[in-house]
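Each remark here refers to the structure printed beneath this line.
What's counted below: heavy atoms across the whole structure, side chains too, no hydrogens, waters or symmetry copies. Residue numbers start at 1 and run along the sequence shown.
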Amino acid sequence: MTPPSEFGRRLRRLSDHPLTFVRWLVFAAVIGLAAGCVSTAFYYAFVWATGLRTAHPGLLWLLPVGGVAIVLFYRVCHVERDQGTNLVLTAVRENAALPLRTAPLVFLS
């Protein structure tokens, strides 16, 4: 008789704990729904901004004003200079924790 495969062992372990499986399935669905909603909102914001820029080419001259506004926005929210988008990149690279308030700041800026 051959030993059970790794898949068979995992399947048997899963059948031993059906409530744990359902709980993780619900967590995965909620996280997937939240990530999908944020991604969809970002897509529509990007399409809106592209349409606005295409319709009004003179807006390019206001980019420095937008940069200053973003810096002021970060300072009002008490986010230091090396936080924000750079903090997201560093957190991904180093597997570090990321403050929750960083996500809306990066999205809005």
Quick check on the hydrophobic clustering: are [X] and [Y] connected, directly or via other members, by side-chain heavy-atom contacts under 4.5 Å?
X   : Y   : value
L19 : W24 : no
L52 : V65 : yes
V76 : Y74 : no

Output the distance between atom CG (L89) and atom CD (E94), rounded to the nearest 0.5 Å.
->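 So the gap between those two atoms works out to 11.0 Å.
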
Interatomic distance, L62 atom CG to H56 atom NE2 [nearest 0.5 angstrom] |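 Those atoms lie 11.5 Å apart.
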
L63 side chain near L60 side chain, heavy-atom distance below 4.5 Å =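 They are in side-chain contact.
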
With under 30° as parallel and over 60° as perpendicular, where do the rings of F46 and F42 fit, or are they tilted in between?
->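 The arrangement is parallel - the two ring planes meet at less than 30°.
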
Over 12 foreign heavy atoms within 6.0 Å of CZ, F21 =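 Check fails, neighbour count at 12 or below.
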
Considering all heavy atoms, the nearest A91-A97 contact |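 For A91 versus A97, the nearest heavy atoms are CB-O, 4.2 Å.
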
